[in-house]
Amino acid sequence: MPVGDHDCPSTALNGVREVLDPYPARYLVAGGWALDLFAGRVRREHSDVDVLIRRDDVKPFARTFAEYSPKVKDQSTGEHVDWRPDIELVTGRHTLTISSETTPPIDVLLADSAGTDWVFHRGGRIRRQWRLITLYTGDGLPFLAPEIVLLLKARDMRPKDDADFTEIVPLLDRERLTWLRPRLSSPKRPDHPWRPILDKLLDERNA
């Protein structure tokens, strides 16, 4: 969807909200659209809409949207297959896709969960309470908190991820910055290039 089609990102997602309305469990708008909702404006073009659900809720999600013939995508191989109840989905590797004539493709990301906590699938050690990472627009559209979106993007660091980070991180308050900073590091990137920027922002917040 081109920038400028809608001034308000929540309005731009009205069609997606209508499609998802019958779903009885938790869902959160994720990815770049979640950052737009946090910023309050459509910042760039989007070819699809990312939505996060709990991996444990895949079967009710697929039943709810059976008319859309959900597809399973393997992010490692690029293979697409029709969803079946016997397919074992792995968080971080598999996504679901549903397509509607009235909306962009909806890519469904899976999240691990433990009690009241969201659990980062890489290692399982990073957790944050669902209540803290579930934000709402003024008209009630749920979306994923920016520190989680940026944590997920920090592993790929595509050009659009860098651009999203640069635009959004100055909008984060001290608590969100403090949570994100130590969790950027990974065995592959012990000195993440985003950390100096977070350090500078935290120094400014603490001044």
Margin query: Pair L180, L198 - check side chain to side chain contact (heavy atoms under 4.5 Å, CB included), show working.
Written below: CA-CA 8 Å; L180 178 60; L198 289 172; 4.2 Å; yes
Checklist line | Chi angles and distances behind the salt bridge (charged side-chain N to carboxylate O under 4.0 Å, His left out) call for R43, E167 | finding: CA-CA 9 Å; R43 302 168 301 109; E167 289 189 44; 3.6 Å; yes
Check: Is there a side chain to side chain donor-acceptor pair (under 3.5 Å) between S10 and R17 once you walk through the steps?
Finding: CA-CA 9 Å; S10 180; R17 191 200 307 238; 3.2 Å; yes
Checklist line | Verdict with supporting geometry, H94 and Q75, side chain to side chain contact (heavy atoms under 4.5 Å, CB included) | finding: CA-CA 6 Å; H94 295 109; Q75 299 294 331; over 6 Å; no
Next item on the list: Just do the salt bridge (charged side-chain N to carboxylate O under 4.0 Å, His left out) check on R44 and D164 with the steps written out, would you?
Entry: CA-CA 9 Å; R44 61 173 173 83; D164 284 345; 2.9 Å; yes
Next item on the list: Step by step, work out the side chain to side chain contact (heavy atoms under 4.5 Å, CB included) result for V58 and L110.
Entry: CA-CA 8 Å; V58 164; L110 308 180; 3.6 Å; yes
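In summary, of the residues considered (V72, T97, I53, T95), a side chain to side chain contact (heavy atoms under 4.5 Å, CB included) with V108 occurs for I53 alone. If you run side chain to side chain contact (heavy atoms under 4.5 Å, CB included) between L13 and each of T103, V29, L20, only V29 comes through.
At a threshold of 4.5 Å between non-hydrogen side-chain atoms, the residues L37 and L141 count as touching. Side-chain atoms of P24 and T64, non-hydrogen and from C-beta on, do get closer than 4.5 Å to each other. A heavy-atom distance below 4.5 Å is found between the side chains of R176 and D173. Residues W83 and K71 have side chains not in contact (no heavy-atom distance under 4.5 Å, counting atoms from C-beta outward). Between L135 and L144, the closest side-chain pair of non-hydrogen atoms is not below 4.5 Å. Annotation: side chain of S99 is not in contact with side chain of Y68 (no heavy-atom distance under 4.5 Å). Side-chain contact between L151 and I126 is present, with heavy atoms from C-beta onward closer than 4.5 Å. In this structure, the side chains of V149 and F165 stay at 4.5 Å or more apart for every pair of heavy atoms.
Distance check: D117 CG to D112 CG gives 12.0 Å after rounding to the nearest 0.5 Å. Distance check: R122 CZ to T91 OG1 gives 11.5 Å after rounding to the nearest 0.5 Å. Taking CD1 of I148 as the reference point, atom CH2 of W130 lies at 9.0 Å (rounded to 0.5 Å). Rounding to the nearest 0.5 Å gives a distance of 9.0 Å between CG of L177 and CD of E175. To the nearest 0.5 Å, atoms OG1 (T116) and CZ (R127) are separated by 9.5 Å.
Comment: R41 does not engage D36 in a salt bridge, judged by the lack of any side-chain N to carboxylate O separation of less than 4.0 angstrom. Ion pairing between R128 and E147 holds under the 4.0 Å rule for side-chain N and carboxylate O.
Hydrophobic clustering places L52 together with W179 (ILVMFWY residues linked when any side-chain heavy atoms are closer than 4.5 Å, directly or through intermediates). Two different hydrophobic clusters hold L152 and V90 under the rule that ILVMFWY side chains link at heavy-atom gaps under 4.5 Å. Clustering ILVMFWY residues whenever any of their side-chain heavy atoms sit less than 4.5 angstrom apart, transitively, puts Y27 in a cluster other than the one holding V119. M157 and V169 fall within the same hydrophobic cluster, where Ile, Leu, Val, Met, Phe, Trp and Tyr residues are linked whenever their side-chain heavy atoms come under 4.5 Å apart, directly or through other members. The hydrophobic cluster containing Y136 does not contain V16, counting ILVMFWY residues as joined when their side-chain heavy atoms lie under 4.5 angstrom apart, directly or transitively.
Here the closest heavy-atom approach between residue T137 and residue F143 is recorded as N-CE2, 3.7 Å. Among all heavy-atom pairs drawn from P22 and E18, the shortest one is CD-O, 3.8 Å. When all heavy atoms of A145 and L132 are compared, the pair lying nearest together is CB-O, 4.1 Å. Annotation for S47 and P104: closest pair O-CB, 4.0 Å, computed over non-hydrogen atoms. Contact between P70 and F65 at its shortest, heavy atoms only, is CD-O, 3.5 Å. Of all heavy-atom pairs between S100 and V19, the closest is OG-CG2, 3.9 Å.
At most 12 heavy atoms of other shown residues, nucleotides or ligands fall within 6.0 angstrom of atom CZ in R174.
For Y23 and F61, the gap between ring centers is short of 6.0 Å.
Residues S113 and W118 bring no donor and acceptor atom of their side chains to less than 3.5 Å of each other. There is no side-chain donor-acceptor pair under 3.5 Å between D74 and H80.
Annotation: side-chain contact (heavy atoms from CB on, under 4.5 Å) contacts of D161 (sequence neighbours excluded): K153, D156, R158. Under the rule for a side-chain contact (heavy atoms from CB on, under 4.5 Å), the partners of D50 that lie at least two apart in sequence or sit in another chain are A30, D48, D107, L109. Among residues two or more places apart in sequence or in another chain, the side-chain contact (heavy atoms from CB on, under 4.5 Å) test is passed with R195 by R181, L184, S185, H192.
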